[in-house]
Amino acid sequence: VGSLTVSKTSSNTTLVPIANIVLSGSGASHTVTVTPAASQTGTVTITLTVSDGSLTTSTSFTLTVTTNTAPTITSVTNQTTTTGVAVGPLAFTVGDAQTAASSLTVTGATSNTTLVPTANIVFGGSGANRTVTVTPAASQTGTATITLTVSDGSLTTSTSFTLTVSTSGAGA
C-alpha cells in the first residue's frame with residue numbers, strides 16, 4: 001500500500017484548479033478535499049487514479065458548485081398602537097434557495113430601545129411562515145424602526161417597518 005501513488009484531475013480547471021484538489025492520509029486510508037475557485041459556478045468531474053507502477057484504477061465523481069444566494073423576507077407594514085399595547089402577531093415569510101426555511105434564523109432590532117426594548121420583539125411561527133409581536137414599553141410614546149433580519153448562516157437580508165406609539169387618548 002505504501003508504494004501506491006494517487007493522482008488527480010479536474011475536467012474544469014477554471015472551476016476547480018488541480019491545486020485545489022488536496023489528497024491527504026496514509027496507508028490504505030486517504031481523503032480528498034476539493035475547493036472550488038472563488039466566484040465560479042458549474043459542474044466538474046474529479047477523477048482520482050491510483051497506480052502501483054504498472055496497473056492503474058480510477059474513480060470519478062461529479063461536483064456541482066452553486067452560488068449561495070441571500071435568504072428572502074417579506075415586508076411588514078408600518079404599525080400604530082397605544083402605550084403598552086402590543087402589535088401582532090404580524091405575519092411574514094422567509095425563504096432561501098439553498099437552506100430549508102426551518103433552518104433560517106430570524107432576529108429583531110429596534111432603533112429606539114427606550115420605546116421598544118429588543119427583548120420585546122418576539123418571534124413565532126415555523127418554517128417559512130413566521131410572526132413577530134412587538135410590545136412597546138409601558139408609559140412610552142414615540143416612533144421606532146423595527147428591523148427584522150433573516151440569516152442562512154452566512155448571508156442575511158433585512159426588512160424594516162415603523163412602529164408609532166401614542167397615548168391612548170390621542171387616537172391611534
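All figures in this text were calculated on a predicted structure; none of them were measured in a lab.
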- Message: Is it the case that the side chain of Ser10 and the backbone of Val16 share a donor-acceptor pair, with hydrogens and angles ignored and the cut-off at 3.5 Å?
- Response: yes
- Message: Regarding Gln98 and Thr69, do their side chains bring together a donor and an acceptor under 3.5 Å, going by distance alone?
- Response: yes
- Val65 reachable from Phe61 in the ILVMFWY side-chain graph, under 4.5 Å edges: yes
- Do you know which of Thr59, Thr9, Thr62, Ile21 makes side-chain contact (heavy atoms from CB on, under 4.5 Å) with Ile46? Ile21
- Could you tell me whether the side chains of Gln79 and Thr77 share a donor-acceptor contact shorter than 3.5 Å? yes
- Rounded to the nearest 0.5 Å, how far apart are CG of Asp96 and CG of Leu155? 8.0 Å
Can you give the donor-acceptor pairs under 3.5 Å from side chains of residues 126-134 to other protein atoms, not counting sequence neighbours?
unit_1: Arg130; atom_1: NE; unit_2: Gly127; atom_2: O; d: 2.6
unit_1: Arg130; atom_1: NH2; unit_2: Ala101; atom_2: O; d: 2.8
unit_1: Arg130; atom_1: NH2; unit_2: Leu104; atom_2: O; d: 3.1
unit_1: Arg130; atom_1: NH2; unit_2: Gly127; atom_2: O; d: 3.2
unit_1: Thr131; atom_1: OG1; unit_2: Gly124; atom_2: N; d: 3.4

- In Å and rounded to the nearest 0.5 Å, what is the OG1 to CZ distance from Thr105 to Phe123? 10.5 Å
- Message: Rounded to the nearest 0.5 Å, what separates atom CG in Asn20 from atom NZ in Lys8?
- Response: 9.5 Å
- Message: Keeping Asn12 on the side-chain end and Val44 on the backbone end, is there a donor-acceptor pair under 3.5 Å?
- Response: no
- Which of these passes side-chain contact (heavy atoms from CB on, under 4.5 Å) with Ser160: Thr147, Ile146, Val76? Thr147
- Could you list the residues that satisfy side-chain hydrogen bond (donor to acceptor under 3.5 Å, both in side chains) with Thr49, not counting sequence neighbours? Ser58
- Note: Thr114 and Ala137 closest approach over all heavy atoms is O-CB, 3.5 Å
- Item | Partners passing side-chain contact (heavy atoms from CB on, under 4.5 Å) against Thr31 (at least two apart in sequence or in another chain) | Ser24
- What's the verdict on side chain to side chain contact (heavy atoms under 4.5 Å, CB included) for Val94 and Val106, showing C-alpha distance, side-chain angles and the deciding distance? CA-CA 9 Å; Val94 296; Val106 180; 4.0 Å; yes
- Task: Ignoring hydrogens and angles, tell me if any N or O in the side chain of Thr81 forms a donor-acceptor pair with the backbone of Val85 under 3.5 Å.
- Result: yes
- Query: Are Thr13 and Ile18 side-chain neighbours, meaning at least one heavy-atom pair lies under 4.5 Å?
  - Reply: yes
- Expected output: side-chain Ser11 to main-chain Thr45 donor-acceptor under 3.5 Å: yes
- Query: About how many Å separate CG of Leu163 and OG1 of Thr145, when rounded to the nearest 0.5 Å?
  - Reply: 9.5 Å
- Message: Rounded at 0.5 Å granularity, tell me how far CG in Asp152 sits from OG1 in Thr99.
- Response: 4.5 Å
- Message: Give me the atom names and distance for the closest heavy-atom approach of Ile121 to Val116.
- Response: CG1-CG1, 4.1 Å
- Message: In the structure I gave you, are the side-chain heavy atoms of Pro117 and Thr113 within less than 4.5 Å of one another anywhere?
- Response: no
- Message: Quick check: is Val32 connected to Val50 through a chain of hydrophobic side chains (ILVMFWY, heavy atoms under 4.5 Å apart)?
- Response: yes
- Would you say the side chain of Leu23 lies within less than 4.5 Å of the side chain of Leu48, judging by non-hydrogen atoms? yes
- Query: Do side-chain atoms of Thr157 reach the backbone of Pro71 as a donor and acceptor pair under 3.5 angstrom?
  - Reply: yes
- Under 3.5 Å donor-acceptor, Asn112 side chain and Ala144 backbone: no
